[in-house]
Every structure is written in structure tokens, then in C-alpha cells.
Amino acid sequence: MLFSRALIPTVKEAPADAVNASHTLLVRGGFIRKVGAGFYDFLPLGLRVMRRVEAIVREEMDRAGALEILMPAVLPAEYFKETGRWDRFGDTLFRLKDRKGAEFNLGPTHEEIVTDIARREIRSYRDLPKNLYQIQTQVRDEPRPRGGLLRCREFIMKDAYSFDATEDGAKRSYEAMRVAYTRAFDRMGLTYRLVAADSGAMGGVLSAEFQVLADSGEDAIVACGSCDYAANVEVATVKPSAAAGEGEAAREKRRVHTPGKSSIDEVTALLGVPKDRMLKSLLYTAGSETVMAVVRGDHEVNEVLLARALGAADVFLATEADVKKATGADVGFAGPSGFGGRILVDRAAAAVANGVTGANETGWHVADVNRGRDWNGEIHDLRLAATGDPCPRCEGGKLQSYRGIEGGHIFVLGTHYSAQMGASYLDENQEKKPLVMGCYGIGISRLVATAIEQHSDADGIVWPMSLAPYHVHLVTIGKEPVVAEAARSLHDDLLARGVEVLWDDRDERPGVKFKDADLLGIPLRVTIGAKSLASGNVELKPRSERDPKKAELVPLAAAAEKLQSLVRAAPGT
RNA sequence: CGGGGCGUAGCGCAGCCUGGUUAGCGCACUAGACUGGGGGUCUAGGGGUCGGUGGUUCGAAUCCACUCGCCCCGACCA
């Protein structure tokens with residue numbers, strides 16, 4: 001491709017609304033342009049990268065035996081109404097009406113539609129297993145699109161759905177997807193962790209996220225430094241360590257006056273006790289119930305774990321009024337000792353001896369309280385895991401916190417949708433049974449940005465070969481006909497060898513071309529100028545090499561073959 | 001949805017507080033000249049319903065009201 005004939009509108013200045021590297025560089029490099037909040041144009045270069053992601057994902061899905069289909073982006077409302085998600089999705093669902101007033105929604109995901117295919121087309125256990133996938137535009141009216149391609153209202157997703165006769169079969173399908181995803185993410189050159197994830201209100205059995213590590217990520221995850229334990233903090237648990245005051249003799253409970261001191265910091269400062277002696281007591285609303293969650297003063301409540309422990313879909317921190325009603329005291333003076341309602345306590349807090357906590361009376365705390373004698377509660381894992389916490393799986397391992405971008409999610413759904421929608425099969429005994437389903441997503445367009453979050457420097461993008469819009473960026477310097485002739489022959493030779501090349505043939509100064517080359521991030525840069533060409537050479541430099549002096553001189557005649565072998569040898573291609 | 005902020009040329013911004021010539025700067029763009037290995041220099045140009053509507057005023061980019069859009073933090077995120 002000739003640069004002069006392409007549409008690659010690079011700009012020097014970052015867009016005002018870009019806050020992270022991928023957004024800035026995708027816009028500056030002319031890969032994408034914003035159309036509206038959460039909607040983007042993919043310009044030629046951006047589309048080429050996305051096609052690479054798609055191709056890798058498609059290859060790995062096909063290798064795993066999945067079958068590509070395409071479902072509509074516009075869906076009659078009846079499908080989401082059938083499963084109740086018409087209401088449950090709330091404002092996130094884009095709704096529209098046709099000319100007759102019939103209701104539709106844009107597809108945010110396609111469980112209903114694929115289940116409809118299954119109930120119509122799958123009859124027998126002999127038809128199983130099946131895994132159907134599509135690469136399709138998905139639309140969700142996100143409350144807050146952000147980060148350029150990282151969180152859009154319209155995005156490209158690969159979503160796959162497996163159908164099995166049994167739970168065991170579903171696990172095999174899930175495992176096949178885990179392998180396929182691992183291969184795909186490896187080929188894309190991404191550094192990621194496969195983490196245990198919340199299976200949500202769907203009652204899923206197995207659920208894991210492919211979290212691509214990036215400081216700009218929206219998700220918090222923890223991973224063990226010693227074993228392979230890794231989990232979204234939403235579901236991460238922690239091995240209990242030695243409790244504060246363990247083994248101490250229980251002292252007599254006493255009331256302490258703490259006027260105006262409602263926070264852990266204030267109370268520990270006033271009383272001179274360490275934070276891990278405090279029993280932090282928070283009130284949550286779960287459905288119509290108000291419950292107390294107790295964690296140690298130096299810990300935080302994990303609301304997902306709390307909701308799970310309660311069997312609730314969601315919990316919300318109680319309002320000020322609810323706290324007063326439940327405890328009889330202002331916010332900041334709640335405690336399990338003497339509390340009348342349901343109490344859930346984290347393991348670590350449960351073990352605290354001679355603890356300090358709120359007295360359920362404004363301006364008062366109680367000290368030297370002990371569980372069993374002064375209070376009680378249901379013991380669960382309720383605390384948020386953090387860096388330095390002991391790994392729940394191995395001996396001696398410490399958890400480390402990371403930020404991640406969810407690049408993929410694999411999930412055994414069970415029979416949630418199939419039972420609801422009547423998607424069943426007949427087994428060997430003529431017995432009708434619901435299909436056991438799994439679903440598996442990869443954020444195709446998001447991964448374009450995610451790759452840049454991991455592969456860029458101060459000058460621009462550094463694409464892995466497998467995702468690069470072109471393999472070779474050919475830069476010609478000067479107007480001498482010999483230079484253009486050499487470039488033309490190399491360009492044609494590369495094309496004949498299946499190497500994709502972008503030739504910057506513009507009448508621009510060398511500095512402009514080099515800056516643009518660094519910005520675009522094509523992995524191999526070949527410079528042809530009169531200087532080196534005089535000795536029959538061209539200059540070769542990988543984008544990952546920062547120092548231009550380290551460019552390698554390669555005889556023009558040997559350049560194409562050398563480049564071809566470099567492209568072939570690159571991982572993931 | 002709560003809090004904060006921004007809409008002025010294709011992009012990035014100043015001007016607004018304290019209303020008053022022809023609305024300005026940098027980049028980009030057009031033409032010419034010089035230049036030619038890391039975003040070069042000079043000359044001459046083109047490009048604006050100042051987000052929209054209404055109001056105040058002799059006069060509004062500037063003040064007021066409403067409205068639309070966008071961004072950031074939070075909530076939310078099958």
C-alpha cells in the first residue's frame with residue numbers, strides 16, 4: 001500500500017478527551033475517529049488491526065470445533081421478554097420501534113436468540129455437543145462509555161454458545177474454549193491472567209475471565225505469586241492469618257465514650273488501639289432485609305461475597321435512615337454486640353479477641369468484646385482481598401493486586417436459558433432434557449485497544465506482528481529515482497512473498513516519516529535512502545528498538561527474503 | 001443517577017470574570033520559494049451560524065434562563 005494513496009490521517013496533538021494510551025494513539029495514528037460517545041469509525045488501519053484480531057479468534061474457534069453463524073443485531077422484543085431480560089437489562093438495553101409500533105431491541109448479547117436456534121434445530125442427544133459462535137456488533141447503552149475503544153456503546157464481540165447433553169459435557173465444552181482462548185490470547189501477544197470470576201445471578205457453575213493486565217484496566221484482580229491462584233477481587237478469598245489478640249484472656253467488656261468519633265481512624269486514634277482490633281460493622285440492604293456485615297477495622301467488605309453469602313442478587317450500603325432505624329444510633333456507632341438483626345462476620349473479624357466496636361448508641365463504643373460471649377454472627381469470607389494477603393490455595397503464597405481489562409469471559413450457564421425457553425433434547429431413553437449451555441465472549445474491538453495498552457512507548461504503538469496493520473513500513477528518503485526504483489522492487493517482491501507492506505512514498509521530510517512510522521507502530525521498518533543505497537544496502541530496524549543507530553544494514557537484494565523470514569518467525573502469525 | 005468540568009476554524013486552545021473596531025493564536029490545509037536522515041524556514045492565502053433556543057441591552061462569544069452534546073470522578077457493568 002502506498003501511503004500517499006491510503007487514508008492514514010495522523011495528528012500531532014492528542015484529542016482532548018483521551019485519557020489513556022490506546023485512545024490517544026489510535027486517534028493520533030488515524031486508526032479510529034469518534035462519531036459520538038461510545039461510537040467510533042474504524043478507518044482503514046484500525047479496521048485492518050481488528051480484522052487480525054478477528055482472524056486469530058476465528059481460527060482458534062474453528063480449531064476448537066465451533067461453528068460460525070450470524071444472528072441479527074436487531075431483535076424482536078419477544079425474545080428478551082421471554083426470559084425477563086427485557087426488564088432486567090433496564091436502561092442498558094437499546095430499544096426501538098418499527099413503523100407499526102412493534103417493539104425491538106438492539107442485541108447486547110445473544111443468549112435468547114441462540115437458544116431459540118437450539119430449541120428449533122436440536123432434537124436429539126445425537127446432535128450434541130454443538131458450539132455456535134458469531135462475530136457481531138453488540139449494542140449496550142452503557143451508563144458511561146469511556147477509554148476510547150475500551151468501553152463503547154457499540155462494539156464488536158465474538159460470542160459463542162455451547163450446547164451439551166450433560167453437565168460433564170458442558171465442562172468439556174468449557175475446557176475446549178479455555179484452551180482456544182488461551183491460544184488466541186497468546187497469539188495476540190497479550191499478558192493476561194485467567195481469573196476466577198463472579199458467575200452473577202445466573203447461577204453459573206464455572207466462570208473465568210481472561211484479564212489482560214494493564215494499569216488502565218477497570219477491573220481489580222489478585223493473583224498469587226507462588227501458585228496459579230488468580231481471581232477477580234469480587235470473588236477472591238483470603239486465607240485467615242493469625243487473629244489480633246489470639247490467645248488472650250477475655251477481658252471484661254466496657255463502654256467507652258467516643259463523642260463525634262465515628263470512623264475507624266478516629267476511634268483508633270482516640271483509644272490508642274490498633275485497627276485490627278476494631279470490628280467494622282456496616283449495614284447493608286439486601287432485598288427488604290437490613291443486615292450487618294462485620295469485618296476487621298483494617299479490612300474492607302467485599303459486596304459480591306456478601307451478596308453470595310446472603311443468596312441475594314445485590315446488596316447496597318444502607319442509607320443513613322436505615323442505619324438509624326436498625327441500630328438506634330447515628331452512622332459510625334454500629335456494632336454486633338447488642339445488635340438485634342442478622343449478622344454476617346468475616347473469618348478474620350470473627351477471630352478478634354478483646355475487640356472494639358460500636359455500641360449502637362451515638363457517641364459510644366464498646367471495648368474488649370469477644371465473639372461467643374458478647375456477640376455472634378454467621379461466619380463467611382467477606383473481606384476484600386488485597387496485596388500482601390495470604391493466598392487461599394497454597395501455603396505461604398502472597399496475593400498481589402493488579403488492574404485488568406476483561407478481554408474474554410468463559411462461563412458455564414447450565415440450563416438457565418434452555419429450561420426457560422424450552423430448548424431440550426431427547427436422550428437415549430427417550431427422555432426430554434434441557435440443554436446444558438455455556439457462553440463465551442471475546443471483546444474483539446476492545447482487544448484492539450487493549451493490545452496498545454500493553455504495547456506502546458512514548459513515540460507510539462509497538463504492534464505485535466500478529467496484530468499489526470502491516471508487517472513492514474517502508475520509508476523512502478529523498479527524491480532520487482534510484483531510491484524510488486529500489487523501493488518499488490522491494491515493495492513488489494514483498495507483496496509476492498505475502499508480506500504486507502506500507503510504503504511511505506509521500507513527499508515529506510524524513511523526520512515526519514520517521515515520527516509517523518513510530519506512531520503507527522508497524523513492527524519492521526525499512527529505510528531506503530541514497531546514503532546506504534550507494535553501497536547497495538537498505539536499513540532495517542524493528543519498531544521495538546528505540547535507538548535508530550542500531551538499524552541493521554541489509555543488501556537490497558536480500559532484504560525481501562530476510563523480511564519474509566522475520567515475519568514468518570514472529571510469534572502468533 | 002450524584003458530584004465536577006467543557007462546548008469558539010479540521011485538531012489543540014486564548015478571549016468571557018469587567019458586554020463595545022474586522023473574534024485571535026499554534027498545528028493542519030492551499031500556492032510559491034528555499035530546504036532535505038527524526039515533526040524545517042520564509043512569504044502569501046482560504047477556512048468561524050462562537051453548540052442551540054429564548055431573554056436582558058443601543059450593542060452579546062462575553063450577562064441571564066432553558067436546552068442539547070461531550071469529558072472526568074463515583075454509582076452501574078449479562
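No hydrogens, no waters, no symmetry mates; every other heavy atom, side chains included, goes into these values.
In summary, A:K479 and A:D507 engage in a salt bridge, as defined by a charged side-chain N under 4.0 Å from a carboxylate O. A:D215 and A:R403 are not joined by a salt bridge, as no carboxylate oxygen comes within less than 4.0 angstrom of a charged side-chain nitrogen. Ionic pairing of A:R119 and A:E82 is present here: one or more N-O contacts between side-chain nitrogen and carboxylate oxygen are shorter than 4.0 angstrom. Remark: A:E78 does not engage A:K81 in a salt bridge, criterion side-chain N to carboxylate O under 4.0 Å.
Nearer to the 5' terminus of RNA chain B, by closest-nucleotide assignment, is the contact made by A:K479 (compared with the other of A:H23 and A:K479). Nearest-nucleotide mapping onto RNA chain B: of A:G478 and A:A14, the residue sitting toward the 5' end is A:A14.
A donor-acceptor contact under 3.5 Å links the side chain of A:R140 to the base of B:A78.
The pairing partner recorded for B:C17 is none, the criterion being a Watson-Crick or G-U wobble arrangement whose two distances lie under 3.5 angstrom. When both pairing distances are held under 3.5 Å, B:G2 makes a Watson-Crick or G-U pair with B:C73. Across all strands shown, B:A78 forms no Watson-Crick or G-U wobble pair with both distances under 3.5 Å. When both pairing distances are held under 3.5 Å, B:A44 makes a Watson-Crick or G-U pair with B:U30. Remark: B:G39 base-pairs with no nucleotide; criterion is Watson-Crick or G-U wobble with both hydrogen-bond distances under 3.5 Å. Under the Watson-Crick and G-U wobble criteria, each requiring two contacts below 3.5 Å, nucleotide B:A23 is left unpaired. In this structure, B:U62 makes no Watson-Crick or G-U wobble pair, since no nucleotide meets both defining distances under 3.5 angstrom.
Atom CD1 of A:I405 is separated from atom C1' of B:C77 by 15 Å (rounded to the nearest Å). For A:N105 and B:A78, the CG to C1' distance is 13 Å, given to the nearest whole Å. What separates CD of A:Q138 from P of B:C77 is a distance of 19 Å, to the nearest Å. The CD atom of A:E234 sits 9 Å away from the C1' atom of B:C77 (whole-angstrom rounding). Put simply, CD on A:E480 is 11 Å from P on B:G36, counting in whole angstrom units. In this entry the distance linking CZ of A:R151 with P of B:G74 reads 12 Å, nearest Å. In this structure, A:R446 atom CZ and B:C77 atom P are separated by 14 Å, rounded to whole Å. For the pair A:E13 CD and B:A14 P, the interatomic distance rounds to 12 Å; values are reported in whole Å.
Taking the six-membered ring where the residue is Trp, A:Y40 and A:H23 present perpendicular rings, their angle passing 60° and hence far from 30°. Using cut-offs of 30° and 60° for the angle between ring planes, the A:Y181 and A:Y440 rings count as perpendicular.
A gap of 48 Å separates the P atoms of B:G45 and B:G4, to the nearest Å. Taking atom C1' in both B:U18 and B:C63, one finds a spacing of 11 Å when rounded to whole Å. As rounded to the nearest Å, B:G37 and B:G24 have C1' atoms that lie 37 Å from one another. For the P atoms, the distance from B:U22 to B:C68 is 35 Å, rounded to whole Å. Using P as the reference atom, B:U67 and B:A28 are 41 Å apart when rounded to the nearest Å. B:U49 and B:A61: their C1' atoms are spaced 12 Å apart (whole Å). The P atoms of B:C50 and B:G20 are separated by 16 Å, rounded to the nearest whole Å. Here the separation of B:G40 from B:A14, taken at their P atoms, is 25 Å to the nearest Å.
Distances from the side chain of A:F89 to the nucleotides B:G12, B:A78, B:A75 place B:A78 closest.
No engagement by A:V475 is indicated, since no non-hydrogen atom pair under 4.0 Å with the nucleic acid exists.
Geometrically, A:R5 does not engage A:W503 in a cation-pi contact defined by less than 6.0 Å to the ring centre and at most 45° from the axis.
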**Report entry** Letter per nucleotide, 5' to 3', of nucleotides 37-52 of chain B [B base touched, S only sugar-phosphate touched, - untouched; heavy atoms, 4.0 Å]
**Finding:** BBBB------------

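Between A:Q134 and A:H110, the side chains place a donor N or O and an acceptor N or O closer than 3.5 Å (distance only, hydrogens not considered).
Sparse packing is recorded around NZ of A:K325, with 12 or fewer heavy atoms of other residues, nucleotides or ligands lying under 6.0 Å away.
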